[in-house]
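We name chains A, B, ... by the order of the sequence lines, and we start the count at 1 in each one.
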Protein chains: 2
Amino acid sequence: MNAILRRKQHKAELKTQILAAAREIFVRDGYESFSMRKLAQRIDYSPGSIYLHFKNKEELFESLVEESFDRLLRALNRLKNGHAHQDPVAKLKTGLRAYIDFGLRNPNDYRFAFLLRRPLQRRPYKVHPAFDVMRYLVGRCVEEKRFRPVDVESTSQALWAAIHGITSLLIQRPTFPWVARRQLIDQVINNAVDSLMLRPDQEEETGVSHAQPSGV
Amino acid sequence: MNAILRRKQHKAELKTQILAAAREIFVRDGYESFSMRKLAQRIDYSPGSIYLHFKNKEELFESLVEESFDRLLRALNRLKNGHAHQDPVAKLKTGLRAYIDFGLRNPNDYRFAFLLRRPLQRRPYKVHPAFDVMRYLVGRCVEEKRFRPVDVESTSQALWAAIHGITSLLIQRPTFPWVARRQLIDQVINNAVDSLMLRPDQEEETGVSHAQPSGV
DNA sequence: CGTTCATAGTGAACAACGTTCATTATACTG
DNA sequence: CAGTATAATGAACGTTGTTCACTATGAACG
């Protein structure tokens, strides 16, 4: 009776164990050298066994991405709810920074989610809830008259483009002679956000974009 | 005597023929379903023959990328040299737009160049000459006092991030509910550039960023 | 306790992959 | 025509993802 329940539970545990092992191999060896057989060997099962839990490699990957996205989403939501007193612009900037940091700290997740070409783009992924947070934060800035009356949707998309751009470039082209990483990220964020502000002449916070030419 | 020359020429022709076929397969079937064997079959040679011209699959890809980059670079240089009378800011914006348009019109080239994960990033590619154009255009804006005295290098990199972001997102996530494409591109460019201008209160050209909320 | 039966797990098999290499065909030179 | 350098082959190797007929396992029931 409850034996079947224990079975189900065991199966679920096994599934998460597979995911954990997969993530580890993936992080250690990279995407292209990951293989179902290596994974099977790692968890001491036969290759076929993995297919009891996942339809195929693609679906296994999707599960990993979903996990990662949930983490990003949770981080963003924590941010959205906390710091209630904070200036909405500061909050937006913090959110943008959180997104970038997430990508840089979890480059494989980010690659999964945005960089890897998927054969025929099945589900549109769960970008949308994360993007909702962006819309919300931008909306707040407009409502509280910190931004010009810009279109929330297109502004959110433009901001996403900016932060996705710097995130993916830093991940994918680590050997390019970038300027100091923090400085660059700040500049991208400030450039993107400041031009939306109602009084762009107020210039605290934009520090680095006024830096003297340094000839890096 | 000149027979060996004809041989060399024939070999070169064959190489370009291989590249053309590879590009076609790649464009039609996508990256993951491209294979050396398919390519060989397509050009009516045995699989081994390709290895007379390319060390391996990776090197073949690199060649394709290089071709693509040369095309982008030529497009940008044409822009840099032409339109001498134009305002440097307008010229920069035109350049940014040209970059994005190139990516959208040649998505596979762009994928090759920036999106595909390369196993262990050997040569740093020829991004640099293209990036030089960006540095030059930004430098002109600063010299002619159209920009604040920003750091040219970090500003160029931040701008690159913005246009790479929108380009890659539009290529890679075509099903996302984007706002009108031109509007979005304009907004990304204007947001990124306008915050650098010396007199950000001048607001001709930024049209769309002032649009009323449309609830798209 | 012995039988039944769903399920978990196996591992051999398949087709396709990138790559190598001994072998053969080709086309030029002397 | 003989000799030779090069072009091209295709069989082979070790992978890969995935399938499937099969066996082992362990709970349920008479």
Side-chain angles (χ1 to χ4, degrees), chain A residues 1-23 25-26 28-65 112 116-120 122, chain B residues 1-23 25-26 28-65 112 116-120 122:
Chain A
M1 185 94 299
N2 77 340
I4 85 143
L5 206 148
R6 205 167 59 236
R7 286 273 272 252
K8 269 212 149 49
Q9 188 181 341
H10 176 72
K11 184 162 181 174
E13 278 170 22
L14 226 165
K15 186 163 179 171
T16 68
Q17 191 197 335
I18 292 176
L19 283 172
R23 171 161 263 124
I25 293 178
F26 186 84
R28 216 196 24 185
D29 299 353
Y31 171 67
E32 11 266 334
S33 66
F34 170 93
S35 85
M36 295 298 257
R37 300 174 112 98
K38 253 189 222 166
L39 173 57
Q41 195 179 348
R42 171 63 84 101
I43 58 175
D44 277 316
Y45 276 88
S46 73
S49 295
I50 301 176
Y51 292 82
L52 272 340
H53 303 86
F54 299 95
K55 195 159 98 302
N56 52 27
K57 195 180 174 181
E58 178 75 9
E59 194 189 282
L60 197 161
F61 279 176
E62 302 245 7
S63 298
L64 283 178
V65 177
F112 267 139
L116 255 45
R117 174 152 169 59
R118 67 208 65 278
L120 252 154
R122 32 185 91 242
Chain B
M1 185 94 302
N2 76 343
I4 86 143
L5 206 148
R6 204 167 59 236
R7 286 273 273 249
K8 268 211 150 47
Q9 189 182 339
H10 176 71
K11 183 162 180 172
E13 279 170 20
L14 227 164
K15 186 164 180 170
T16 67
Q17 191 197 336
I18 292 176
L19 283 173
R23 173 162 260 123
I25 292 178
F26 186 85
R28 218 198 20 183
D29 299 353
Y31 171 67
E32 10 267 332
S33 67
F34 170 92
S35 84
M36 295 298 256
R37 299 173 114 99
K38 254 189 222 168
L39 172 58
Q41 194 179 348
R42 171 62 83 102
I43 59 175
D44 277 315
Y45 277 87
S46 73
S49 295
I50 301 176
Y51 292 82
L52 274 339
H53 303 88
F54 300 94
K55 196 159 97 302
N56 50 30
K57 194 180 174 182
E58 177 75 11
E59 194 189 282
L60 197 159
F61 278 174
E62 303 244 8
S63 298
L64 285 177
V65 176
F112 267 137
L116 255 44
R117 171 150 172 59
R118 66 206 75 276
L120 252 154
R122 33 187 87 244

Enquirer: Under the side-chain hydrogen bond (donor to acceptor under 3.5 Å, both in side chains) rule, what pairs show up with a residue in residues 39-54 of chain A, not counting sequence neighbours?
Expert: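 Qualifying pairs, neighbours excluded: A/Glu24-A/Arg42, A/Ser46-A/Ser49.
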
Enquirer: Figure out the CG/P separation between B/Leu52 and C/dC21, and round it to whole Å.
Expert: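 From B/Leu52 CG to C/dC21 P: 14 Å.
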
Enquirer: Whole-Å distance between C/dT20 C1' and B/Lys57 NZ?
Expert: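 Checked: the NZ to C1' distance equals 17 Å.
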
Enquirer: Using whole Å, what does the distance between atom P of nucleotide C/dG18 and atom CD of B/Glu58 come to?
Expert: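 So the CD-P distance, B/Glu58 to C/dG18, works out to 13 Å.
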
Enquirer: Find the distance between CD1 (B/Ile50) and CD (B/Glu59) and round it off to the nearest 0.5 Å.
Expert: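 Separation between the atoms: 12.5 Å.
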
Enquirer: Over 60° means perpendicular and under 30° means parallel, so tell me whether A/Phe61 and A/Phe34 are parallel, tilted or perpendicular.
Expert: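 Answer is tilted, since the angle falls between 30° and 60°.
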
Enquirer: I need the NE2-C1' distance between A/His10 and C/dA8, as an integer number of Å.
Expert: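 Rounded to whole Å, this separation is 9 Å.
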
Enquirer: In whole angstroms, how far is the C1' atom of D/dG17 from the CZ atom of A/Phe34?
Expert: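 Interatomic distance, CZ of A/Phe34 to C1' of D/dG17: 11 Å.
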
Enquirer: Rounding to a whole Å, what distance do you find between B/Lys55:NZ and C/dT19:C1'?
Expert: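 It is 12 Å, rounded to the nearest whole Å.
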
Enquirer: Using a 3.5 Å limit for the pairing distances, which stems of at least 3 consecutive Watson-Crick or G-U wobble pairs does DNA chain D take part in?
Expert: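 Result, WC/G-U stems under 3.5 Å: C:1-28 with D:3-30.
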
Enquirer: Checking contacts here: which listed nucleotide (C/dT19, C/dT10, D/dT9) is nearest the side-chain heavy atoms of B/Pro47?
Expert: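 Of the options given, the side chain of B/Pro47 lies nearest C/dT19.
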
Enquirer: Only counting residues at least two apart or in another chain, list the ones meeting side chain to side chain donor-acceptor pair (under 3.5 Å) with A/Arg37.
Expert: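 Residues passing side chain to side chain donor-acceptor pair (under 3.5 Å) with A/Arg37: none at all.
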
Enquirer: Which donor-acceptor pairs under 3.5 Å do the side chains of residues 14-23 of chain A make with protein atoms, sequence neighbours left out?
Expert:
| unit_1 | atom_1 | unit_2 | atom_2 | d |
| --- | --- | --- | --- | --- |
| A/Thr16 | OG1 | A/Glu13 | O | 2.8 |
| A/Arg23 | NH1 | A/Glu67 | OE1 | 2.4 |
| A/Arg23 | NH2 | A/Leu64 | O | 3.1 |
| A/Arg23 | NH2 | A/Ser68 | OG | 2.5 |
| A/Arg23 | NH2 | A/Asp109 | OD1 | 2.7 |

Enquirer: At what distance, to the nearest 0.5 angstrom, does CD1 of B/Ile43 lie from CD1 of B/Ile25?
Expert: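 The CD1 atom of B/Ile25 is 8.5 Å from CD1 of B/Ile43, to the nearest 0.5 Å.
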
Enquirer: Can A/Leu60 and A/Met36 be said to form a side chain to side chain contact (heavy atoms under 4.5 Å, CB included), step by step?
Expert: CA-CA 10 Å; A/Leu60 197 161; A/Met36 295 298 257; 4.2 Å; yes

Enquirer: Please report the distance, rounded to the nearest Å, between CD1 in A/Ile50 and P in D/dT19.
Expert: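 After rounding, the gap between these two atoms is 13 Å.
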
Enquirer: Would B/Ser33 and B/Lys38 count as a side chain to side chain contact (heavy atoms under 4.5 Å, CB included) here? Give the steps.
Expert: CA-CA 9 Å; B/Ser33 67; B/Lys38 254 189 222 168; 4.0 Å; yes

Enquirer: Does A/Ser49 place a side-chain N or O at less than 4.0 Å from the phosphate oxygens OP1/OP2 of C/dG9?
Expert: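 For C/dG9, neither OP1 nor OP2 has a side-chain N or O of A/Ser49 closer than 4.0 Å.
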
Enquirer: Dump the pairs, protein N or O against N or O of nucleotides 21-26 of chain D, anything under 3.5 Å, distances to one decimal.
Expert:
none

Enquirer: Closest to the B/Asn56 side chain: C/dA8, C/dT19, D/dA8?
Expert: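 Per side-chain heavy atoms of B/Asn56, the pick is C/dT19.
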
Enquirer: Grab the OH-P distance between A/Tyr51 and C/dC14 for me, whole Å please.
Expert: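 For the pair A/Tyr51 OH and C/dC14 P, the rounded distance is 17 Å.
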
Enquirer: Just to be sure I understand the geometry, which residues of residues 36-45 of chain A put a non-hydrogen atom under 4.0 Å away from DNA chain D?
Expert: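 Residues of residues 36-45 of chain A under 4.0 Å from DNA chain D: A/Met36, A/Arg37.
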
Enquirer: Keeping to residues at least two apart or across chains, list the salt bridge (charged side-chain N to carboxylate O under 4.0 Å, His left out) pairs with something in residues 45-54 of chain A.
Expert: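 Passing the test, one end in residues 45-54 of chain A: no pairs.
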
Enquirer: Under 4.0 Å between any heavy atoms, over every strand shown, what does A/Ser35 touch: base, sugar-phosphate, or nothing? Just pick one.
Expert: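 Sugar-phosphate, backbone atoms only, no base.
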
Enquirer: Over all strands shown, is B/Phe54 touching base, sugar-phosphate only, or nothing at heavy-atom distances under 4.0 angstrom?
Expert: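 Here B/Phe54 touches no strand at all.
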
